[in-house]
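Since the structure comes first, as structure tokens, the remarks are kept for the end.
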Amino acid sequence: MTDSEFSLKNSLKDILFGSLSGCTGKLIEYPFDTVKVRLQSQPHDQPLKYKNSFDCIKQTFTNEGFFGFYRGISSPIVGAAAENACLFVTYNIAQDFLKNQLSMKQNEELPLNLLVLSGGFSGCVASYILTPIELIKCKLQVEQVYSQKKSSIIQLIKQVLTNDGIKGFWHGQTGTLLRECGGTASWFGAYEFMSKELKIARLGSENINGAENTISELLISGACAGISYNLSLFPADTIKSKMQTSSVVNPDQKLTFISTAKLIYKHGGLKAFYRGLGITLTRAVPSNAVIFFTYEKLKKTFA
């Protein structure tokens with residue numbers, strides 16, 4: 001097998017394994033995400049609809065039932081598959097490129113700072129795939145709350161096309177780009193750091209070459225990656241969600257990234273940028289633990 005055939009085979013595996021792990025993680029985290037988006041999207045010129053995460057959970061369950069937490073999930077399931085496939089493929093491509101530039105062997109490990117750089121690159125690429133998917137997802141998650149409508153994904157896609165054209169699908173791109181570049185750099189960086197440190201703690205630094213992480217180590221590393229991702233640039237995600245739901249919550253507002261940031265700060269100060277962070281960190285632990293565990297186990301099983 002030539003190097004190009006080997007590289008293509010690995011990329012196809014990354015696409016498949018990344019897609020499957022992303023879908024699995026999304027099923028776990030989506031109810032938490034619905035609560036987060038609803039908290040982030042509340043209008044500032046009206047009394048808050050939800051006091052906190054628990055109040056949002058209570059109202060959602062009372063008014064919409066259990067499946068209200070999964071409203072609009074078909075779009076993000078596709079998004080999770082596309083996102084994680086893109087993240088893992090571009091992350092490994094970036095590593096291969098850097099190894100070639102540094103004349104390193106493919107089985108050698110890059111230093112942590114270059115792994116973080118590779119993660120940032122993968123997040124940058126993924127952001128352009130994610131923004132249109134998250135736009136539709138966020139609209140679906142808040143539409144019934146503020147307009148009493150129950151549009152389908154197709155109806156919302158047509159609505160965006162009619163009102164804003166193709167470029168309208170990338171409304172909120174700046175926020176997604178910032179979140180994904182910084183967040184994914186932290187995501188992969190934290191995972192690589194923790195998985196290595198846990199192996200060292202168990203085996204000693206002289207015995208980790210070629211050693212694999214245990215199940216618990218994979219889960220802990222994935223959980224830490226999820227927490228790092230969400231802590232790194234959460235305000236950018238808040239601004240993005242506010243922008244993408246503005247046409248539903250307050251149709252008269254035409255928000256840009258800067259104007260949205262000013263609006264949030266004016267009405268709520270710095271703490272308003274972190275609305276929904278608690279529920280987001282709660283979801284990050286199990287979902288990201290499962291994402292990395294699933295990916296690593298698939299990769300090992302079908303090596």
Side-chain angles (χ1 to χ4, degrees), residues 1 3 6-7 9-25 28-29 80 83-123 126 182-232 281-303:
M1 184 181 291
D3 288 343
F6 181 76
S7 179
K9 182 180 178 181
N10 282 339
S11 293
L12 291 174
K13 285 183 177 180
D14 284 335
I15 291 172
L16 177 60
F17 301 160
S19 297
L20 291 173
S21 61
C23 290
T24 304
I28 294 172
E29 74 168 39
E83 176 191 13
N84 283 273
C86 179
L87 287 175
F88 283 108
V89 167
T90 52
Y91 180 59
N92 289 318
I93 288 174
Q95 287 187 73
D96 290 342
F97 174 78
L98 290 173
K99 287 177 182 179
N100 287 332
Q101 296 303 306
L102 297 171
S103 300
M104 294 174 63
K105 296 179 181 178
Q106 287 302 308
N107 60 353
E108 288 185 79
E109 289 188 7
L110 287 169
L112 184 61
N113 63 324
L114 294 182
L115 291 173
V116 169
L117 179 63
S118 299
F121 170 75
S122 68
T184 307
S186 299
W187 195 56
F188 279 117
Y191 177 77
E192 298 287 3
F193 175 78
M194 286 302 301
S195 59
K196 183 176 181 180
E197 289 301 311
L198 288 170
K199 279 194 290 188
I200 291 174
R202 177 167 53 90
L203 301 171
S205 58
E206 68 280 0
N207 298 317
I208 64 169
N209 288 336
E212 295 180 354
N213 287 106
T214 63
I215 292 175
S216 61
E217 288 170 355
L218 289 174
L219 292 173
I220 291 170
S221 299
C224 290
I227 291 171
S228 297
Y229 171 89
N230 286 290
L231 281 178
S232 58
L281 293 179
T282 301
R283 84 174 189 192
V285 171
S287 65
N288 287 276
V290 167
I291 286 172
F292 277 102
F293 173 75
T294 304
Y295 175 80
E296 294 289 359
K297 285 302 178 182
L298 286 170
K299 195 172 181 180
K300 178 185 176 183
T301 302
F302 298 100

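Quantities reported herein were computed from a predicted structural model and do not represent experimental measurements.
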Please give me the minimum heavy-atom distance between [X] and [Y], naming the atom from each residue.
{"X": "Asn84", "Y": "Gly18", "result": "CB-O, 3.0 Å"}
{"X": "Ala225", "Y": "Ala190", "result": "CA-CB, 3.9 Å"}
{"X": "Ser21", "Y": "Ile291", "result": "CB-O, 3.3 Å"}
{"X": "Ala85", "Y": "Ser19", "result": "CB-OG, 3.5 Å"}
{"X": "Gly22", "Y": "Ala80", "result": "O-CB, 3.4 Å"}
{"X": "Lys297", "Y": "Thr301", "result": "O-OG1, 2.7 Å"}

State whether the side chain of [X] and the backbone N or O of [Y] hold a donor-acceptor pair below 3.5 Å, judged by distance alone.
{"X": "Lys199", "Y": "Ala211", "result": "yes"}
{"X": "Ser195", "Y": "Glu192", "result": "yes"}
{"X": "Lys13", "Y": "Phe302", "result": "yes"}
{"X": "Ser122", "Y": "Gly119", "result": "yes"}
{"X": "Gln101", "Y": "Leu98", "result": "no"}

For the residue pair [X] and [Y], establish whether any side-chain heavy-atom pair is separated by less than 4.5 Å.
{"X": "Tyr229", "Y": "Thr184", "answer": "yes"}
{"X": "Leu16", "Y": "Leu12", "answer": "no"}
{"X": "Leu198", "Y": "Arg202", "answer": "no"}
{"X": "Asn92", "Y": "Asn10", "answer": "no"}
{"X": "Asp14", "Y": "Tyr295", "answer": "yes"}
{"X": "Ile220", "Y": "Met194", "answer": "yes"}

If you apply the rule side chain to side chain contact (heavy atoms under 4.5 Å, CB included), what do you find for Thr294 with Leu298, and how did you get there?
CA-CA 6 Å; Thr294 304; Leu298 286 170; 3.8 Å; yes
For the atom pair [atom1] ([X]) and [atom2] ([Y]), what is the distance rounded to the nearest 0.5 Å?
{"X": "Ser287", "Y": "Asn230", "atom1": "OG", "atom2": "CG", "value": "8.0 Å"}
{"X": "Phe293", "Y": "Ser216", "atom1": "CZ", "atom2": "OG", "value": "10.5 Å"}
{"X": "Leu218", "Y": "Phe292", "atom1": "CG", "atom2": "CZ", "value": "10.0 Å"}
{"X": "Glu109", "Y": "Met104", "atom1": "CD", "atom2": "CE", "value": "8.5 Å"}
{"X": "Asn100", "Y": "Lys105", "atom1": "CG", "atom2": "NZ", "value": "14.0 Å"}
{"X": "Asp96", "Y": "Leu110", "atom1": "CG", "atom2": "CG", "value": "9.0 Å"}

Tell me whether Glu212 is salt-bridged to Lys300, with the criterion being a basic N under 4.0 Å from an acidic carboxylate O.
yes
Side chain to side chain contact (heavy atoms under 4.5 Å, CB included) for Val116 and Phe188? Distances and angles first, verdict last.
CA-CA 6 Å; Val116 169; Phe188 279 117; over 6 Å; no
With sequence neighbours left out, what residues match Ser205 under side chain to side chain donor-acceptor pair (under 3.5 Å)?
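Not a single residue meets the side chain to side chain donor-acceptor pair (under 3.5 Å) criterion with Ser205.
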Would you say the ring centroid of Phe88 lies under 6.0 angstrom from that of Phe17?
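No, ring centres 6.0 Å or more apart.
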Does the ring centre of Trp187 sit less than 6.0 Å away from the ring centre of Tyr91?
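No, the ring of Tyr91 stays outside the 6.0 Å limit from the ring of Trp187, centre to centre.
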Could you go step by step and tell me if Leu117 and Leu114 meet the side chain to side chain contact (heavy atoms under 4.5 Å, CB included) rule?
CA-CA 5 Å; Leu117 179 63; Leu114 294 182; 4.2 Å; yes
The test is side chain to side chain contact (heavy atoms under 4.5 Å, CB included); show your working for Lys196 and Ile208 and say whether it passes.
CA-CA 8 Å; Lys196 183 176 181 180; Ile208 64 169; 4.0 Å; yes
If you draw a 6.0 Å radius around NZ in Lys99, do more than 12 non-hydrogen atoms from other residues or ligands fall strictly inside?
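Yes - once you tally the heavy atoms of other residues, nucleotides and ligands closer than 6.0 Å, there are more than 12.
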Does any donor atom in the side chain of Asn288 or Tyr191 lie under 3.5 Å from an acceptor atom in the other side chain?
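Looking only at side-chain atoms, Tyr191 and Asn288 do not form any donor-acceptor pair under 3.5 Å.
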